[in-house]
J.: 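The structure follows.
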Amino acid sequence: MNTNNRTAQHANFPLSPLSETQAKEHLVTYGYNEIETGKKTPWYKVLYTALVHPFNILLAILATASGIIEDFDTMAIMLVMVTLSSVIRFHQEWKSLRAAQSLLSMVSKKVKVMRCRDGTGSVEEMEIDTALLVPSDWVKLEPGNLIPADLIIHSSKDLYISQASLTGEAIPVEKYTVSREAIDRSSSDESKPHTEILIDRSPEQLVHQRRKKTRRTGFKDMVKNIFGIQTGLESSDIDRLEMKADLDRPDMCYMGTSVISGVATAIVYATGPRTYFGMMADDIATRRPQNAFQLGVRRISWIFFLTMACLVPPVFLLQGLLHSGWTDALLFSLSVAVGLTPEMLPMIVNTTLAKGAYQLAKRKCIVKSLDAVVNLGGMDVLCTDKTGTLTKSVVTLTKHVNPLGMESDLPLHMAYLNSYFQAVNSSPMDTAVLLFYDSFYFQKSVVSLSVDIPADENVTGRFEKIDEIPFDFERRKTSVILKEKGDDSKNILICKGAVDEMLSCCTRISTDNLNEDFFIPNDYAITDLTSDLHNRLKEFAEDQSREGLRILAVAYKKFDKFPGSFDVSCENDLTFVGFLAFLDPPKESAAQAIRDLMINNVNVKVLTGDSSVVCQKICEEIRLPVQQVVTSSDLDGLNDAELSDLAERSTIFSKLTPMQKADIVRALRRNGHIVGFLGDGINDSTALVEADVGISVDSGTDIAKESADIILLEKDLGVVVDGVIFGRSTYGNTLKYIVMAVSSNFGNVFSMLVASSWLPFLPMLPIHVVVQNLLYDISQISIPWDHMDPEFLIVPHRWSMKSVLRFMVWIGPWSSVFDITTFLYMYYYFGIQTPDNDVTLFQTTWFTVGLLTQTLIVHMIRTPKIPFIQSTASLPVILMTVIIMTIGIVIPFIPLFRNWLQMVVLESMVYPYVAGALLSYAIAAQLAKVIYKRLFNEWF
C-alpha cells in the first residue's frame with residue numbers, strides 16, 4: 001500500500017490551482033465537461049429517429065409503389081399515416097427527453113476543487129458542478145467519488161480505484177504519484193510495450209490528437225448505424241488497444257471510474273468528449289445489452305414483417321390469377337401490407353413509458369432510463385439496505401461504556417478524536433459522536449470531574465494529525481494517528497469500527513476513565529484480553545444489538561516513535577477501551593411500505609453491513625417476517641447452486657462485503673426473479689449494476705447514483721411501492737397495444753386469404769383498407785392513458801414472447817369468424833356474388849363491420865373481465881372509441897367522403913346485421929377469454 005504524499009511534477013501543468021478567471025477562460029477554450037451521449041440531444045436528431053423507422057420506411061415504399069401505378073389517393077393516405085406517426089412520436093419523445101433532462105438536472109453532481117481567489121491568491125476548496133470542471137483544475141478525491149474527468153495524480157494516500165466501467169475488471173487497482181524520472185525510464189525501456197507519455201502533451205495537443213483518433217468516415221458510420229455491420233477494425237477498437245497500456249499507469253485516473261478507498265489530489269488532464277470515456281461513450285451505449293422488454297418489442301416487430309412477407313405474395317397471386325387485373329391485385333396486396341403495419345407501435349410504447357416516468361417524477365422519483373419503469377413493475381424481489389430505508393438515518397449516541405459495561409468517558413473521548421480528525425468517508429455515526437460530544441459531554445464533565453476540562457477546540461488543538469488509515473468494507477474500521485504538539489513521546493493510533501473486527505486486533509483492555517493527562521490511560525488499568533473476556537465482550541455487544549442499538553468498538557495503540565509509514569499492518573496489538581451504542585429508530589412509514597410491498601407480491605430482503613441482531617430487531621419492529629438470517633461467513637465456500645438456495649430462503653444478510661451483495665443479487669436472478677436493489681453507498685454500486693433495476697437516492701454517493709436506473713429524491717420505501725404500481729400499469733398498457741395489434745393482424749390473415757380465394761372481386765378497395773387502418777390507429781392513441789384492473793397490478797409481470805404468440809393464435813381468429821359471416825350475409829342475402837352485382841355495397845359493409853369490430857376489440861382485450869360492466873376503460877379510451885365508431889358509421893352519408901372513397905349508403909337491413917355482429921362478437925370474445933384464462937391461467 002502506497003502512503004507517499006510527494007508531489008508529481010509534470011510538464012504543461014500549473015504548480016498551483018487555477019484562479020476563477022483562469023477557470024472561466026479554460027471553460028471558453030475547452031467547453032463543458034459533458035459527454036454528448038444521453039445529454040441535450042438536439043431536436044433534429046429526435047426528428048430523424050422518429051422519421052427513419054422500419055415501419056415508416058415500409059409505408060414510404062408502399063406509398064411510392066402506389067404512386068407509380070397512379071393510385072394517388074392511396075399514396076396520399078399512406079403519407080398521411082407516416083406523417084401522423086412521425087409527428088406524434090417526435091412530440092412524445094422530445095417532450096420525454098426534455099422532461100428527463102429537467103429531472104436529471106435535479107440530481108446533484110458535484111466535485112470538490114481547489115481554486116485561487118482572484119486578488120488575494122489564497123487557495124480555497126469549493127464544490128462546483130462537474131460540467132464546469134476544466135483542464136488544469138485541481139480536484140480532491142474521496143471514497144465514493146466518481147472520477148469526473150481524466151486526471152493525473154498530484155498526491156495520494158492509499159488510493160484504490162475501480163476501473164470496471166472501462167476494463168470489466170472487478171478488483172480495484174492502486175493509484176499513486178510517479179516521479180518524472182520513473183516515467184522517462186519506463187518509456188525508454190524497449191522491452192516494455194509502448195505507452196504514450198500523456199503528460200508531455202498540453203491540453204491543446206490532446207484535443208487534436210484524440211479528435212484524430214476518434215474520427216470515422218461517414219460511410220463506416222452509415223453502414224454501422226443502418227445495417228449494424230462493422231467494416232474492418234474501427235477507431236474505437238484501436239482506441240481500446242492503445243488505452244490498455246494507459247490504464248495500467250499508476251498515476252492516471254479516468255472519467256467514469258470510481259474511488260473505492262483512500263484520498264488524493266489530482267490535476268484535470270482532459271474533460272468531456274476528449275476523455276477516454278468520452279471517446280468510448282457512443283460505443284459503450286451501442287454495446288449495452290437489451291433487456292427482455294426491448295428484445296420482446298423488437299421480436300414483435302419482426303413478427304409483423306414476417307406476417308406481411310408470408311401474406312402479401314399469396315394475396316397478390318390469388319387476386320391476380322383468380323380475378324382479372326394485376327394492377328388491382330397489386331394495389332390490394334399493398335393495402336393489405338399497410339393494414340398489417342403497426343406504425344403506431346413505437347409511439348405507443350414511448351408514450352406509455354414516458355407517462356409512467358412522469359407519474360414517478362411527481363413522487364420525486366427520477367427515471368434515468370424509460371425501460372426501467374417496466375422493470376420496476378416486474379420486480380418481485382426488492383433487496384434493500386437498512387439505514388435510511390427502514391430506519392430514519394437520524395443516528396444518536398446513547399451509551400459510551402468501558403469493557404465492564406460501566407459508563408466511561410474514555411471511549412467517547414477517543415472516538416471524538418477519531419471522528420474529528422477523520423478526513424474522508426465520514427459516517428452518520430461520526431456525526432452523532434461529534435454532536436453528542438459538543439452538546440452534552442463537557443457540561444457533564446465539568447460537574448462530575450474535579451479537574452479542569454478544557455474546551456473542545458483546545459482538546460483537538462493539542463494534537464496534530466500524522467496520518468489516517470481510511471475505512472474499507474473488508475477491515476470495517478478506520479484509524480487516525482495523532483501526536484501531541486510539543487511532546488514527541490505522546491503518539492497514538494486511535495481506531496474504531498465493528499466489534500468482531502476490532503476485537504480480533506486487540507490484545508489488552510483498559511478500564512480507566514479520563515485522568516489528569518486527559519489522553520493516555522493509566523497502565524495499572526490495563527489487563528490482558530483473555531478468551532473469556534473476549535467472549536463476554538461479544539456477548540455484551542450482542543445484548544445491546546438485540547435492543548436495536550448499533551455498536552462500535554474503540555481501541556488505541558501507543559507509539560514511542562513513529563514508523564516510516566502507516567498502513568493496515570499497524571492495526572494490531574491494540575488496547576480495547578470500550579463501546580459506543582447508537583440508536584437509529586425505524587421509520588414510521590416503513591411498516592406500511594413493507595405491508596404494501598407484500599400485498600403487491602414483492603418479497604423484501606435486507607442486505608446490510610450491520611449486525612444481524614440489530615437488523616432482526618428493526619425487522620421485528622416494522623413487521624417484516626424473517627425466515628432465515630445469513631452472515632458474511634455463512635456465504636464463504638458456497639457454490640452457485642448452494643448460494644441460490646440460501647438466497648431464496650433467507651431474509652436478512654448481514655455484514656456483507658460489496659461483492660457478496662452483488663453475489664446475492666445474481667443468485668436471486670438465477671432463480672428467475674426480477675430483482676430490484678435499493679442502496680446509496682460505495683459498497684452498493686456493484687449490486688446496483690447487477691440488479692434488473694437499480695435504485696439509489698440523490699443524497700447517495702456519486703458511484704451509486706451513476707450505477708442506478710432510478711434515483712429517489714427522498715429515501716422512502718413508499719415511493720418504491722408507487723413505482724411498482726406505475727410500472728405495472730405502464731407494462732400493462734404497452735402490452736395491450738401489442739396483443740391487440742398481433743391478434744387483430746393474425747385474424748386479418750385468415751380473412752384476406754378467404755376473401756382472395758373465394759370472392760371474384762375485391763372485398764374492399766385498397767383505399768378502404770388504408771383508411772380503415774388509419775382510423776383504427778388513431779383510436780389506439782389513447783391507450784397510454786388507460787388504467788389497469790387492480791388484480792393485474794398486485795401481481796408482478798415479466799415479458800413472455802410465448803404468452804404473446806399464444807394469445808395471438810387463440811384470440812386472433814375470432815374476428816375472422818365474423819368477417820366470414822359478413823361475406824356470407826352479403827353473398828347470399830343481398831346476392832352480391834359477381835363483379836356485376838352491387839360490389840360497392842359489399843365493400844362498404846365490410847369496411848364498416850371491420851372498423852367497428854376492430855375498435856370494439858380494444859375494450860374486449862384490455863381486461864379479462866366483462867367490459868363496461870365489471871371493468872370500464874378510462875374516459876380518453878371511451879371517447880376515442882365513440883369518435884372512431886361514429887366516423888365509421890357516418891362516412892357513407894357524407895357525399896364528399898362517399899364519393900372520394902367510392903362508397904354507398906348502407907341498406908337498411910345492413911344495420912340490424914351490424915348490431916347483431918357486434919353483440920355476437922362481444923359474447924364470443926368474452927367466452928374465448930374465459931376459456932383462455934382457464935387453459936393458461938393468465939391474461940397476457
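Everything numeric in this text was worked out from a predicted model, so none of it was measured.
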J.: Would a 4.5 Å heavy-atom cut-off, applied to side chains only, mark I652 and V630 as touching?
T.: no
J.: Any donor and acceptor pair, going by atom type alone, linking the side chain of K605 with main-chain N or O of S650 inside 3.5 Å?
T.: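 Looks like yes, one N/O pair under 3.5 Å.
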J.: Are E484 and R462 close enough for a salt bridge, meaning some N to O gap below 4.0 Å?
T.: yes
J.: State, yes or no, whether a side-chain contact exists between I710 and C365 at a heavy-atom distance under 4.5 Å.
T.: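 Answer yes - side chains close enough.
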J.: For a quick check under 3.5 Å, do D634 and T631 share a side-chain donor-acceptor pair by atom type?
T.: yes
J.: Taking the basic N atoms (NZ, or NE/NH1/NH2) and the acidic carboxylate oxygens, is any pair closer than 4.0 Å for E501 and R476?
T.: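 Salt bridge: yes.
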J.: Do I711 and V697 come within less than 4.5 Å of each other through their side chains, counting heavy atoms only?
T.: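 No - every pair of side-chain heavy atoms lies 4.5 Å or more apart.
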J.: Judged by atom type as modelled, is there a donor-acceptor pair below 3.5 Å linking the side chain of Q660 to the main-chain atoms of S632?
T.: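 Yes; at least one donor-acceptor contact below 3.5 Å.
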J.: For a side chain to side chain contact (heavy atoms under 4.5 Å, CB included) check, start with the C-alpha distance between L503 and F576, then their side-chain angles and the critical distance, and finish with the verdict.
T.: CA-CA 8 Å; L503 288 177; F576 185 82; 3.9 Å; yes
J.: For D680 and S696, which I'm curious about, is there any donor-acceptor pair between the side chains at under 3.5 Å?
T.: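 Per modelled atom types, D680 and S696 side chains form no pair under 3.5 Å.
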J.: Decide, yes or no, whether a salt bridge links R475 with E571 under the criterion of side-chain N to carboxylate O below 4.0 Å.
T.: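 A salt bridge is present here (some side-chain N lies under 4.0 Å from a carboxylate O).
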J.: Working to the nearest 0.5 angstrom, can you tell me the gap between S510 OG and N402 CG?
T.: 8.5 Å
J.: State whether a side-chain donor-acceptor pair under 3.5 Å links N572 with K557.
T.: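 Note: N572 and K557 side chains meet the donor-acceptor criterion.
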J.: Do V720 and L712 have side-chain heavy atoms sitting under 4.5 Å apart?
T.: yes
J.: Which word best sums up how the rings of H400 and F436 line up, parallel for under 30°, tilted for 30 to 60°, or perpendicular for over 60°?
T.: perpendicular
J.: Please report the interatomic distance CG(D467) to OG(S479), rounded to the nearest 0.5 Å.
T.: 10.5 Å
J.: Mark yes when over 12 heavy atoms from residues, nucleotides or ligands other than K538 sit less than 6.0 Å from its NZ; otherwise mark no.
T.: no
J.: Minimum heavy-atom separation for S258 to L146, with atom names?
T.: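 S258 and L146 have their closest heavy atoms at CB-CD2, 4.1 Å.
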J.: Would you check if V139 and T265 make a side-chain contact, meaning some heavy-atom pair closer than 4.5 Å?
T.: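 No, every pair of side-chain atoms sits at 4.5 Å or beyond.
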J.: Restricting to non-hydrogen atoms, name the atom on V665 and the atom on A687 that form the minimum distance, rounded to 0.1 Å.
T.: CG2-CB, 4.1 Å
J.: State, to 0.1 Å, how close L482 and K465 come at their nearest heavy-atom pair, and which atoms those are.
T.: CD2-CA, 3.8 Å
J.: Near R623 CZ, under 6.0 Å, is it more than 12 heavy atoms from other residues, nucleotides or ligands?
T.: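 No, CZ of R623 has 12 or fewer neighbouring heavy atoms, counting only those of other groups under 6.0 Å.
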J.: I'd like to know whether L493 forms a side chain to side chain contact (heavy atoms under 4.5 Å, CB included) with F559, so could you lay out the CA-CA distance, the side-chain angles of the two residues, the decisive distance to 0.1 Å, and finally the verdict.
T.: CA-CA 8 Å; L493 177 150; F559 293 92; 3.6 Å; yes
J.: Give a yes or no on whether a salt bridge exists between R508 and D573, defined as a side-chain N under 4.0 angstrom from a carboxylate O.
T.: yes
J.: Between the side chain of D567 and the main-chain N/O of S569, is any donor-acceptor distance below 3.5 Å?
T.: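 A pair under 3.5 Å: yes.
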J.: Is there side-chain contact between C505 and K477, with heavy atoms separated by less than 4.5 Å?
T.: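 They are in contact (side-chain heavy atoms under 4.5 Å apart), so the answer is yes.
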J.: How close do C619 and V626 get, heavy atom to heavy atom, and via which atoms?
T.: CB-CG2, 3.8 Å
J.: Does the ring centre of F579 sit less than 6.0 Å away from the ring centre of F540?
T.: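 Close enough - the centres of the two rings lie under 6.0 Å apart.
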J.: How many angstroms lie between OG in S408 and NE2 in H413, if you round to the nearest 0.5 Å?
T.: 11.0 Å
J.: Taking all non-hydrogen atoms of both residues into account, name the closest pair between P148 and L141 and its distance.
T.: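 Taking every non-hydrogen atom into account, CD-CD2, 4.4 Å.
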J.: So, are D385 and K661 salt-bridged, with charged N and O less than 4.0 Å apart?
T.: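 So D385 does not pair with K661 through a salt bridge.
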J.: For residues Q422 and T478, report the shortest heavy-atom separation together with the two atoms involved.
T.: OE1-CG2, 3.7 Å
J.: Do the two ring centres, one from Y160 and one from Y176, sit under 6.0 Å apart?
T.: no
J.: Measure the CG-CG distance between D645 and D640 for me, rounded to the nearest 0.5 Å.
T.: 12.5 Å
J.: Between CG of D430 and OH of Y420, what distance do you get to the nearest 0.5 Å?
T.: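 These two atoms lie 14.0 Å from each other.
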J.: Would you mind reporting whether V113 and K140 have side-chain heavy atoms less than 4.5 Å apart?
T.: no
J.: Okay, side chain of E642, backbone of N639: is any donor-acceptor separation there less than 3.5 Å?
T.: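 Yes; judged by distance alone, with no hydrogens or angles, the pair exists.
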J.: Are D584 and T391 linked by a side-chain donor-acceptor pair shorter than 3.5 Å?
T.: yes
J.: Any luck finding a side-chain donor-acceptor pair between K496 and N418 under 3.5 Å?
T.: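 Note: K496 and N418 side chains meet the donor-acceptor criterion.
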J.: Could you walk me through whether E464 and K485 pass the salt bridge (charged side-chain N to carboxylate O under 4.0 Å, His left out) test, one step at a time?
T.: CA-CA 6 Å; E464 176 185 351; K485 293 178 181 178; over 6 Å; no
J.: With no hydrogens and no angle check, do the side chains of T530 and D532 hold a donor and an acceptor under 3.5 Å apart?
T.: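 D532 and T530 do not have a side-chain donor-acceptor pair below 3.5 Å.
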J.: Can you tell me how far OG1 of T686 sits from CG of D684, rounded to the nearest 0.5 angstrom?
T.: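 Those atoms lie 9.0 Å apart.
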J.: Quiz question: by atom type and distance under 3.5 Å, do the side chains of Q592 and D596 form a donor-acceptor pair?
T.: yes
J.: Would you indicate whether the side-chain heavy atoms of L533 and I509 approach each other to under 4.5 Å?
T.: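 Counting from C-beta outward, I509 and L533 do come under 4.5 Å.
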